[in-house]
Amino acid sequence: MSLSDAPETRPEQIRAGLRDSLSVGLGILPLGIGLGFLVIQSALPWWVAPALSIGIFAGSVEFLMVGLLAAGASLATIAVTVFAVNFRHVFYAFSFPVHLTRPGIGRAYSVYAMIDEAYATAVMVPASQNSGPRLLSMQIACHSYWVGGSLLGVWLASALPQTLEGFEFALVALFTVMTLDAFRGKRELTSTLLAGVSVAFALVATPDSAMIVALSVFFVLLTARYLLLRRGGLPRVSDEDAPNDGSTQ
């Protein structure tokens, strides 16, 4: 089957989803290992690592949760922190292809497992080649990398005589690689440039709250670009700039 052909049978779609997960798995697995190390180094019970990986599954939030739990933070502090960090997921719903999954357990899990890496992977797959089984198999694989990595990290941290540092950089490295792939593929060129402008503005104007400001500016720019495209005010430089009217589904 060539790269331009859409998987036809359910097994082919599942295999395609597993292949989609491999690139992000290279970043998720060591990130999970880092979480396991952090749990042990924070003197928390070993089961906290898989519990956070299964019950939250949101990447950066798990690392924050370890610190909050170790510090004995209140439920109100934890709730506000998680809301602030994960508020960006609200915007993912506008373009994440959850409609490909059947209503029920599968769709509920797809919504739950809509992490940054899964979102970035799913939106890079052409709409004509994506499907519910492909999407779900990719998300389940990503979740497995995360849970398995956290258990491996717990085991390694318990077995090694001294602590190791540097695993936390896996998150930065993962998103750097995904950004470069999007930029080189030119399918997300405009979005990548707008994201860079948003981050640069936030770092200069509001360095103490750069994340929230950058996300807000990025959302405004994306909305403005979409409205201009719908009205014909901007040239379409790639397939991603063509409004999705459902004709390719």
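Across every non-hydrogen atom of Q139 and A113, the tightest pair is NE2-O, 3.0 Å. The shortest heavy-atom contact between P133 and I14 is CB-CG1, 4.2 Å. Closest approach of R107 and H99 over heavy atoms only: NH2-O, 3.3 Å. The two residues A141 and S21 make their nearest non-hydrogen contact at CB-OG, 3.4 Å.
Taking 4.5 Å as the limit, some side-chain heavy atom of Y119 sits within range of a side-chain heavy atom of S95. In this structure the side chain of L18 never reaches within 4.5 angstrom of the side chain of L22, judged on heavy atoms. Looking at heavy atoms from C-beta onward, V39 lies out of side-chain contact with W46 at the 4.5 angstrom threshold. A 4.5 Å side-chain heavy-atom check between E117 and I28 finds at least one atom pair inside the cut-off. You'll find the side chain of L35 reaches within 4.5 Å of the side chain of W146, heavy atoms only. Contact check for L221 versus R225: no side-chain heavy atoms found under the 4.5 Å cut-off. Looking at H143 and Y112, their side chains come closer than 4.5 Å, going by heavy atoms from C-beta outward.
When the side chains of ILVMFWY residues are joined at heavy-atom separations under 4.5 Å, either directly or via intervening members, L203 and L194 end up in two distinct hydrophobic clusters. Follow the hydrophobic side-chain contacts under 4.5 Å out from M114 and you reach V98 in the same cluster. A chain of hydrophobic side-chain contacts below 4.5 Å, direct or via other Ile, Leu, Val, Met, Phe, Trp or Tyr residues, connects L222 to V217. Grouping the Ile, Leu, Val, Met, Phe, Trp and Tyr side chains by contacts below 4.5 angstrom, directly or via other members, places L44 with F63. By the criterion of side-chain heavy atoms lying less than 4.5 angstrom apart, applied directly or through intervening Ile, Leu, Val, Met, Phe, Trp or Tyr residues, L151 is grouped together with I54 in one hydrophobic cluster.
A donor-acceptor pair shorter than 3.5 Å cannot be found between the side chains of S137 and Q13.
In this structure a side-chain-to-backbone donor-acceptor pair under 3.5 Å is present from R134 to Q129. Formation of a donor-acceptor pair under 3.5 Å by the S110 side chain with backbone atoms of G106 is not found in this model. In this structure a side-chain-to-backbone donor-acceptor pair under 3.5 Å is present from S150 to V147.
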